Amino acid sequence: MTAKRSVREVLTSPKIGSEVRIEAWVRTKRDSKAGLTFLELNDGSYFQNLQIVVSATLPNYATEIPKLHVGASVRVLGTEAQSQGGKQSVEIQALEVALVGACDPAVYPIGKQKMTYEYLRDFTHLRSRTNTFSAIARVRNVLAMAIHGFFQERGFLWLHTPVITGNDAEGAGQMFRVTTLDVAKPPRAEDGSVDFSQDFFGQGANLTVSGQLEAEAYACSMGAVYTFGPTFRAENSNTSRHLAEFWMVEPEVAFADLDDNARLAEDFLKHLLRTVLEKCPLEMEFFKQRVEPGILDLLNSVLENPFKRLTYTEAVEILIKSGEKFKYKVEWGIDLQSEHERYLTEQVFKAPVILTDYPKGIKAFYMKMNPDGKTVRAMDVLVPGIGEIIGGAQREDDIELLKGRIAEMGLHAGPLDWYLDLRRFGSVPHAGFGLGFERLVQFVTGMGNIRDVIPFPRTPGHIKI
RNA sequence: UGGUCAGUAGCUCAGUGGUAGAGCCCUCGGCUGUUAACCGAGUUGUCGUAGGUUCGACCCCUACCUGACCAGCCA
């Protein structure tokens, strides 16, 4: 049988005159009743479609070609040729065209017409057949591999942290309960509460909200590690930036402080942007034309300029002196609101901003205390358009200070005893951060809604597939 | 969870207190190495649901359903 080639292979390294087999789906069709049909096929391998020129002299032209509607799958045997048309350099002169699977246009939800993102969210299993969603899928894939590439080149170990966790105080919002108990009639303790000692794990269990604490354990033996996997939050958040299930990247490095952490975050983001611009030029051009006109300028400016670095205290001063009327008043000690973060990154600096040294009252128990006793070594990386894309910190490595913080915040020390062991035995300064993968994909593509950059989004009230 | 906005043909949208429109899709005809093809003709509707006001409601009012956006939480 004639060798199969992908649309990408034919368009990027044509072998003019050679015979090929193409297996793909019809994106659009133009008939010339004078004796030609032009099929545009796509197989997901490439942004561009491959044009097939079908002559009316083919034996099944009158019977099969009229059935080739948008969405139909086809197998084409043909010859690679220089195109006479202006919009592509290579095309296939068909020798045989076979309909593999028909697609009835009367009921097919995906057509050549304009469709809203909202409409396509009802067809998550079909939307990757559109230009936009197949481009997103390829960019997402390139970004995922760029993440592994960045860390692997630097000797980081990819750590598989558990999806089911016994930690109930990871401190990042509502968790999903994991149980095999009969939900209708769970066993009860004497005080009437559900008796999770009879549950599968002999205690309560949840889906993870972060792999950070486990990553710290391995960083304190393997040196530098990263997690990259799914994360779950049961918050009732209905925004364009929140999912109940999303992917998160969390590097953790031993013998590292906050400066090392900030440098790593900047190098990391720039590596990812550089890789996508290099590997997905057609997709990025499409996003510029159809999604966000300024996207290429934005990404290039992020790449070319050093990230602005300043402390929380300096940021608060800038915001107060700006004279800008904010909905929420700025004063030292408050958690910065989206409007404040956006003002800094979009109006003041017009570049990504790394804020460090936040008041201890608004940050987690594990962050390292500064000598001033008021601030901790936390950092947030803010980017234009999205806001916070990375949150991280140097961790508290002094066991007494850490115990004090746990008590101060009213947490139970017992379940965290293993975490204290990391400070009890060969403690080391270490730091890390978390990157929301979908927010990265949003930032890179310019897509406005996070539900459109993950294949099958989970949000409150929505888990159809 | 709160605030705002929206729901009209399979899709994208317009519309007026007095009996429902366009483009795309689809079918037919014409034309062309076409390319978001083009030109002409034709088919397509419980106007989100339930009440109410009115001689008369797609339009005004109320409730509900669904969705989006913004905010909070965060990544």
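Labels below follow one simple rule: chain letters A, B, ... track the order of the sequence lines, proteins then strands, and each chain is numbered from 1. Not measured: the values here are computed from a predicted model.
Judged by distance alone, with hydrogens and angles left aside, A:Glu235 brings no side-chain donor or acceptor close enough to the base of B:G72 to form a pair under 3.5 Å. A donor-acceptor contact under 3.5 angstrom links the side-chain atoms of A:Gln88 to the base of B:U34. In terms of polar N and O atoms assigned as donor or acceptor, the side chain of A:Thr239 never comes within less than 3.5 Å of the base of B:C70 in a complementary pairing. Side-chain to base pairing of A:Arg241 with B:A75: no donor and acceptor N or O lie closer than 3.5 Å to each other. A donor-acceptor contact under 3.5 Å is formed by the side chain of A:Gln51 with the base of B:U34. Scanning atom types as modelled, no donor and acceptor separated by under 3.5 angstrom connect the side chain of A:Asn49 and the base of B:U35.
Rounded to the nearest 0.5 Å, atoms OG1 (A:Thr208) and CE (A:Met175) are 6.0 Å apart.
With its ring centre under 5.5 Å from that of the base six-membered ring and a plane angle below 30°, A:Phe246 counts as stacked on B:A75.
Of the residues in residues 63-79 of chain A, those placing a heavy atom less than 4.0 Å from an atom of RNA chain B are A:His69, in numerical order. Near-neighbour residues of RNA chain B inside residues 6-18 of chain A, defined by a heavy atom below 4.0 Å, are absent.
In summary, of the residues considered (A:Gln88, A:Lys29, A:Arg30), a side-chain hydrogen bond (donor to acceptor under 3.5 Å, both in side chains) with A:Glu40 occurs for A:Arg30 alone. Looking at A:Arg138, A:Arg290, A:Arg140 one by one, the single match for salt bridge (charged side-chain N to carboxylate O under 4.0 Å, His left out) with A:Glu283 turns out to be A:Arg138.
Side-chain contact between A:Tyr312 and A:Thr375 is absent, with no heavy atoms from C-beta onward closer than 4.5 Å. The shortest distance between side-chain heavy atoms of A:Thr161 and A:Tyr218 does not fall below 4.5 Å. Side-chain contact check for A:Asn42 versus A:Phe47: every heavy-atom pair is 4.5 Å or farther apart.
The nearest pair of heavy atoms linking A:Leu120 to A:Arg127 is O-CD, 3.8 Å.
The interatomic distance linking A:Gln174 (CD) with B:C74 (P) rounds to 12 Å, in whole Å. Atom-to-atom, CG of A:Leu336 to P of B:G72 comes out at 11 Å; the value is rounded to the nearest Å. The distance from atom CD1 of A:Ile362 to atom P of B:C73 is 10 Å, rounded to the nearest whole Å. The CZ atom of A:Arg439 sits 10 Å away from the C1' atom of B:C73 (whole-angstrom rounding). In this entry the distance linking OH of A:Tyr117 with C1' of B:C69 reads 15 Å, nearest Å.
A:Glu91 comes within 4.0 angstrom of a nucleotide base, judged by non-hydrogen atoms across all strands.
Contact check, A:Arg342 against B:C70: no side-chain N or O comes under 4.0 Å of OP1 or OP2. Contact check, A:Thr231 against B:A75: no side-chain N or O comes under 4.0 Å of OP1 or OP2. In terms of phosphate contacts, A:Arg451 brings a side-chain nitrogen or oxygen within less than 4.0 Å of OP1 or OP2 of B:A68.
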Protein-nucleotides 9-12 of chain B N/O pairs closer than 3.5 Å?
residue: B:C11; atom: O2'; partner: A:Lys114; partner atom: O; Å: 2.7
residue: B:U12; atom: OP1; partner: A:Thr116; partner atom: OG1; Å: 3.0
residue: B:U12; atom: O4'; partner: A:Lys114; partner atom: O; Å: 3.4

Any N/O pairs under 3.5 Å between the protein and nucleotides 39-45 of chain B? List them or say none.
none

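Residues forming a ring pair (Phe, Tyr, Trp, His ring centres under 6.0 Å) with A:Phe151 (at least two apart in sequence, or on another chain): A:Phe156, A:Tyr226, A:Phe268.
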Worksheet item: How does RNA chain B look in dot-bracket form if you count Watson-Crick and G-U pairs under 3.5 Å, write [ ] for pairs that cross, and put | where a base pairs with another strand?
Response: (((((((..((((....[..)))).(((((.......))))).....(((((..]....))))))))))))....
Discussion item. Please determine whether salt bridge (Lys or Arg N to Asp or Glu O under 4.0 Å) holds for the pair A:Glu292 and A:Lys288, giving the CA-CA distance in whole Å, both sets of side-chain angles, and the decisive distance to 0.1 Å.
Written reply: CA-CA 5 Å; A:Glu292 176 57 57; A:Lys288 178 189 169 185; over 6 Å; no
